[in-house]
Amino acid sequence: MFLRIDHVGIACHDLEEKIAFYESTFGLTVVSREVNEEQGVKEAMLHVAEGEGGASYVQLLEPLSPETAVGKFLAKRGEGVHHIGYGVADVTRALQEIAGKGVRLIDSRPRHGSMGAAIAFLHPKDVGGVLTELVEAPRRSS
Ligand code: MC0
């Protein structure tokens, strides 16, 4: 079902500060910045690697307010890994396959994610404490 790790989402208090850290320490490059009101985040994608199944990224996440998912996470746990996003070919089909296997779907239908992706989250309590995201990247034009 999983094609690759699409991204690792990392919660932080200060997006610009963390971008500067990842750029200067690891030489990563920002390829996208977005504000996603629905998800309550300001985020940046930093390119890590290119594989057969597509690219992988570090995603830095700053909450838009304390009441958001990332805001609550930061208050409870502090900065760190917030979720893992796995690349899938078809997020709707992946949700259908997972439904009924005892894993709560936070999103029963795909939502809008970073860089035009269709995304859906699975509940961390049913995935060993790991907030898990399915990511269907937009088709690449060749
Ligand atoms: C919360 N919990 C987590 C967690 N967030 N566990 C692991 N990883 C996380 N990221 C745990 C809490 O510690 C708590 O456990 C329990 O789940 C309930 O948490 P809560 O603080 O009471 O919050 P809820 O229940 O209101 O919401 C948690 C839930 C929510 C995971 C359902 O955060 C959610 O819907 N997340 C999906 C959307 C999201 O995260 N969006 C932001 C990234 P205890 O043991 O204390 O009860 S958007 C994004 O990344 C997009 C832009 C993209 O990738 O393109």
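Atoms within a ligand are numbered from 1 in the order they appear, just like the ligands themselves. What you see is a predicted model; the values in this text were computed from it and never measured. Computed from heavy atoms alone, side chains included, the values below leave out hydrogens, waters and symmetry copies. Along the sequence shown, residues carry numbers from 1.
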Counting from 1 in the order shown, the ligand 1 atoms closer than 4.0 Å to a non-hydrogen atom of L131 are 8 (N), 9 (C), 10 (N), 40 (O)
| said: Between T132 and V130 (side chain of the first, backbone of the second, donor and acceptor by atom type, cut-off under 3.5 Å), is there such a pair? | reply: yes
Anything under 3.5 Å between a donor and an acceptor, one on a side chain of residues 98-110, the other on a protein residue two or more places apart or in another chain? List them.
| unit_1 | atom_1 | unit_2 | atom_2 | d |
| --- | --- | --- | --- | --- |
| R104 | NE | D126 | OD2 | 2.9 |
| R104 | NH2 | D126 | OD1 | 3.2 |
| D107 | OD1 | R111 | NE | 2.5 |
| D107 | OD1 | R111 | NH2 | 3.4 |
| D107 | OD2 | F121 | N | 2.9 |

With heavy atoms and a 4.0 Å threshold, my read on which part of E34 contacts ligand 1 is neither
Check E50 with R4, please: is the shortest side-chain N to carboxylate O separation under 4.0 Å? no
Kindly assign one of parallel, tilted or perpendicular to the pair Y86 and F2, based on the angle between their ring planes and the thresholds 30° and 60°.
-> parallel
min-distance protein heavy atom vs atom 4 (C) of ligand 1 -> F73 CD1, 3.9 Å
Q.
Tell me whether atom 18 (C) of ligand 1 lies less than 4.0 Å from at least one protein heavy-atom position.
A. no
Is the backbone of V91 close enough, under 3.5 Å, to the side chain of E136 for a donor and an acceptor to pair up by distance?
yes
Output yes when a protein non-hydrogen atom is found under 4.0 Å of atom 6 (N) of ligand 1, and no otherwise. yes
Taking only non-hydrogen atoms of Q39 and a 4.0 Å limit, the atoms of ligand 1 in range are 38 (C), 39 (C), 41 (N), 42 (C), 48 (S)
So the atoms of ligand 1 within less than 4.0 Å of a heavy atom of H83 turn out to be 50 (O), 54 (O)
Atoms of ligand 1 under 4.0 Å from any heavy atom of N36, numbered from 1 in the order shown, are 52 (C)
Under 4.0 Å from one or more heavy atoms of S114, ligand 1 contributes atoms 53 (C), 55 (O)
Q: Look at ligand 1 and say whether G129 reaches it with a heavy atom at a distance under 4.0 Å.
A: yes
Check: of I106, I10, V81, T132, min heavy-atom distance to atom 35 (O) of ligand 1 comes from I106
Apply side chain to side chain donor-acceptor pair (under 3.5 Å) to the pair E133 and H7, showing each step before the final yes or no. CA-CA 9 Å; E133 180 183 350; H7 66 269; 3.1 Å; yes
Under 4.0 Å from one or more heavy atoms of K72, ligand 1 contributes atoms 21 (O), 23 (O), 24 (P), 26 (O)
Exercise. Could you say whether the N/O atoms of K125 and ligand 1 ever approach to under 3.5 Å?
Key: yes
Logged contact type for V130 with ligand 1, heavy-atom cut-off 4.0 Å, is neither
Within the 4.0 Å heavy-atom cut-off, what P124 brings close to ligand 1 is side chain
Numbered in order shown, the ligand 1 atoms found under 4.0 Å of a heavy atom of G113 are 55 (O)
Checklist entry - Going by an N to O cut-off under 4.0 Å, is there a salt bridge joining K42 and E34? => result no
### Task
May I have the step-by-step check of side-chain contact (heavy atoms from CB on, under 4.5 Å) for E62 and V70, ending in yes or no?
CA-CA 7 Å; E62 180 187 315; V70 175; over 6 Å; no
So for H82 against ligand 1, with non-hydrogen atoms under 4.0 Å, the contacting part is both
Excluding L64, membership of its hydrophobic cluster (Ile, Leu, Val, Met, Phe, Trp, Tyr; side-chain heavy atoms within less than 4.5 Å) reads V35
If you scan protein heavy atoms around atom 13 (O) of ligand 1, the nearest is R77 NH2, 3.0 Å
Does the protein come close to atom 27 (O) of ligand 1 - that is, does one of its heavy atoms sit below 4.0 Å from that atom? no
Atoms of ligand 1 under 4.0 Å from any heavy atom of Q59, numbered from 1 in the order shown, are 50 (O), 51 (C), 52 (C), 53 (C), 54 (O), 55 (O)
(request) Mark yes or no for whether E43, through its side chain, and L61, through its backbone, hold a donor-acceptor pair below 3.5 Å. (result) no
Just wondering, do Q39 and I119 contact through their side chains at under 4.5 Å, heavy atoms?
-> yes
Test log, rule side-chain contact (heavy atoms from CB on, under 4.5 Å), inputs M45 and L60: CA-CA 7 Å; M45 295 290 260; L60 300 175; over 6 Å; no
Closest to atom 14 (C) of ligand 1 by heavy-atom distance, out of E133, H112, K76, H7, is K76
